[in-house]
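Lettering follows sequence order; numbering is per chain, from 1.
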Amino acid sequence: MLLESIAPRIHQLVVHAPLIAKKARPGQFVILRADARGERIPLTLCDWSSRDGWVKMIFQEVGVTTKKLASLKPGEFVEDIVGPLGTPAEIAQYGTVCVVGGGVGAAAAYPRAKSLKQAGNEVVAIIGARSSEYVILEESFKGVCDELFIATDDGSRGFKGFVSQLLEKLLEEGKRFNYVFAAGPVPMMRAVAEVTKPYGIKTVVSLNPIMVDGTGMCGSCRVTVGGVRRFCCVDGPEFDAHQVDFSELMSRLSMYVEEEGRALALYEGASFDEG
Amino acid sequence: MKRVPMPKLPLEERVRTFKEVALGYTEEQAVAEASRCLQCEKPLCVEGCPVGVDIPLFIKYVAEGDFESAVEVVRERNSLPAICGRVCPQENQCEGRCALGKRGDAINIGGLERFVADWELKRGLRIPEKAEPTGKAVAVVGSGPAGLTAAAELAKFGFEVVVFEALHKPGGVLTYGIPEFRLPKSVVEAEVDYVKKLGVDIQTDVVVGKTITIEELFQEGYEAVFVATGAGLPNFLNVPGENLCGIYSANEFLIRINLMEAYKFPHESDTPIKVGDKAIVVGGGNVALDAARCALRLGARETTVIYRRTEREMPARREEYANALEEGIRFKFLTQPVGFEGDSSGWVREVKCVRMRLGKPDESGRRRPIPVEGSDFRIPADTVVVAIGQSPNPLIPRTTKGLAVSKKGTIVVDPETLETTVRRVYAGGDIVTGAATVISAMAAGKKAANSIKKALLGS
């Protein structure tokens, strides 16, 4: 296991997992447990090498599990890693495509940009963050994109505003996309969907509901897409953005906010005592 | 004649903890219960046992105080006796056929099986002799009752056996499904340990169909594969409002509690669970009762099971129904949910129901429930668990070329050999039968192991 901080409280985790690396496809994810009492959390595969047997994930410290992962020392192990899970993305030659990554969502957008490029598309990427120091994977995107735009909420870098606003601006200026992919916080994905809908652009989002087993067993990750119940872990994680019930997803994501807060307070209290 | 009562944890302690409810017989109690056995010349109990344990013989040894011999008799046919003694529906199997049951209480065969198995675990497991190594490797997919049994049998035959488990702990439904108070995880671990001591390698965190396919297992050198992936997909009611917060599938509710130990949150486990004051569980099987009793232990003030048929048609084990009633679980029969209402933040607040009446028997032989027109009513709820059954997991059928499945998604097998439509791929347990019992899955594991032996060794 190798861990590297790539922005404030954002880390890149590389794990030796040859079986997963061999099978990984863009759009898929793994489930991790940080330690023996740990929760199972899904993380999108950001990069991998089937030859060298490693997989890379990027995460932001938000709750107990991500704090625990962030505190791993080089050479230590994550307790469990299983995958690759989910249905691989459909990659085709669409023409000109736009790949949008908001916050750590850029980690899910990167493999998509890379594979779309390999499939012969003209790839435009938009990555966004709160402010310049939170912009991640810029160099990686540059290597696989024809054009890269950056947006920050505070305007400290690139366009001032949200990635969805930047996308809207590009469309208003006459830029045409045959396909849009977006990954990031739910409000951002919803905003992207709203921007592309009037233009009739096929738009795919990578959803991030609460999961437990990740193999279709628990139904915790159920989402409504086009009025039909789908399990994000096996039917997804990618769906047609114009069909997703984002309000329901937001509400279900908030189910354990109170418990997550309690667990974090307890964990940080304990870490503080030890420190 | 009355059976020797099974000692239980006092009620007031029971409803607050996840400790095992049934405490097991003492040696004296076991001997006394065993001594009631008539030692029938034609023992019907054995016919009622899906794995054919020589029940009168092991009970005779118990009555004589020779527990060592009793264990040997049980182990000969059953690799997981401490589990079966606890969770088998004995009233429909061995005990249901017991001659004593006609005039009084049937022998507590489950209780005695558990007694000898627990006695053995306390003494320390002894590993039976294995056949000479065959030099051939067999892969088993899934470490639930079918997979563990097949693995144990195959190891005894001298095969190199690797079990692939998708979750991070072995045991399948025994680990993620059945709660601690009915089947302590230490018992499951001990039985898994027995299988490991036979030389079986259990690899967790491998999802066959995703991490590796069946075809690749053959490429890696395995000469046969046994698929025992269970009925892992939760069924939903498909009514409006079912995705509101606070509504769980029984699988999610029980996985959080049993596998992830959410009842120890936040001090000893990081996985949360949320149970409000009013918990409603929909269903009438063992899973529904397990969920209801978990909800009660997690602090629900009022836990109600709603079932569309009546008490008589409930498929749950009678002992657990009695336990649930004792613990204060309420039951509302002839009731079917038709929708859920939530509050402005997306949390469930009410279950919309209709009353049912029973019509003519359906294909299951049970009388079909029919909605009573105009009988709509509402029940307040802040936690709902939907426990209306599971379907087969489609991962392996979807990723294995030529593997035939039924309309219901179960894998089609030759009933004699359990071989699927793909050569040297066998399947058994819930993935073949749909959701059934631990013991029938074990019987399938055994049968498949014998077929594999015959196919690979020719005897």
Worksheet item: Under 3.5 Å, side chain of A:R222 to main-chain N/O of B:E242, donor-acceptor pair present?
Response: yes
Discussion item. What part of B:E268 gets within 4.5 angstrom of chain A, counting heavy atoms only: side chain, backbone, both, or neither?
Written reply: backbone
Item to complete: Sort B:T213 into side chain, backbone, both or neither according to what part of it lies under 4.5 angstrom from a heavy atom of chain A.
Response: both
Worksheet entry | Per-residue contact mode, B:E165 against chain A (heavy atom under 4.5 angstrom) | neither
Discussion item. At a 4.5 Å cut-off on heavy atoms, which part of A:I31 comes close to chain B: side chain, backbone, both, or neither?
Written reply: neither
Discussion item. Below 30° counts as parallel, above 60° as perpendicular, anything between as tilted: where do the rings of A:F231 and B:F236 land?
Written reply: perpendicular
Worksheet item: When you look at CZ of A:F246, are more than 12 heavy atoms from neighbouring residues, nucleotides or ligands closer to it than 6.0 Å?
Response: yes
Worksheet item: Within a radius of less than 6.0 Å around CD of B:Q219, do more than 12 heavy atoms belonging to other residues, nucleotides or ligands occur?
Response: yes
Item to complete: Tell me, for B:N243 versus chain A, whether the close heavy atoms (under 4.5 Å) come from the side chain, the backbone, both or neither.
Response: both
Worksheet entry | Region of A:I210 that comes under 4.5 Å of a non-hydrogen atom in chain B | side chain
Item to complete: Let me know if A:D245 has heavy atoms under 4.5 Å from chain B in its side chain, its backbone, both or neither.
Response: neither
Worksheet item: Would you find more than 12 non-hydrogen atoms of other residues, nucleotides or ligands less than 6.0 Å from B:K278 atom NZ?
Response: no
Worksheet item: For B:Y176, is it the side chain, the backbone, both, or neither that has a heavy atom closer than 4.5 Å to a heavy atom of chain A?
Response: side chain
Fill in: A:M211 and B:E252, any side-chain heavy atoms less than 4.5 Å apart
no
Worksheet, complete the sentence: With chain B, the option among A:Q28, A:R229, A:M250 that has the most non-hydrogen atom pairs under 4.5 Å is A:R229
Item to complete: Tell me, for B:S269 versus chain A, whether the close heavy atoms (under 4.5 Å) come from the side chain, the backbone, both or neither.
Response: both
Fill in: Heavy-atom contact with chain A under 4.5 Å, split by part of B:I255
side chain
Worksheet, complete the sentence: Between B:P234 and A:G216 the two heavy atoms that sit nearest each other are CD-O, 3.5 Å
Worksheet, complete the sentence: Okay, B:I247 and chain A: the region with an atom under 4.5 Å from a heavy atom over there is both
Fill in: Top of A:R40, A:R262, A:E248 for chain B proximity - count of heavy-atom pairs under 4.5 angstrom
A:R40
Worksheet entry | Residue pair B:R256 / A:V212, side-chain heavy-atom distance below 4.5 Å | yes
Worksheet item: If you count heavy-atom pairs under 4.5 Å between each of A:E260, A:K22, A:E79, A:K68 and chain B, which one has the most?
Response: A:K68
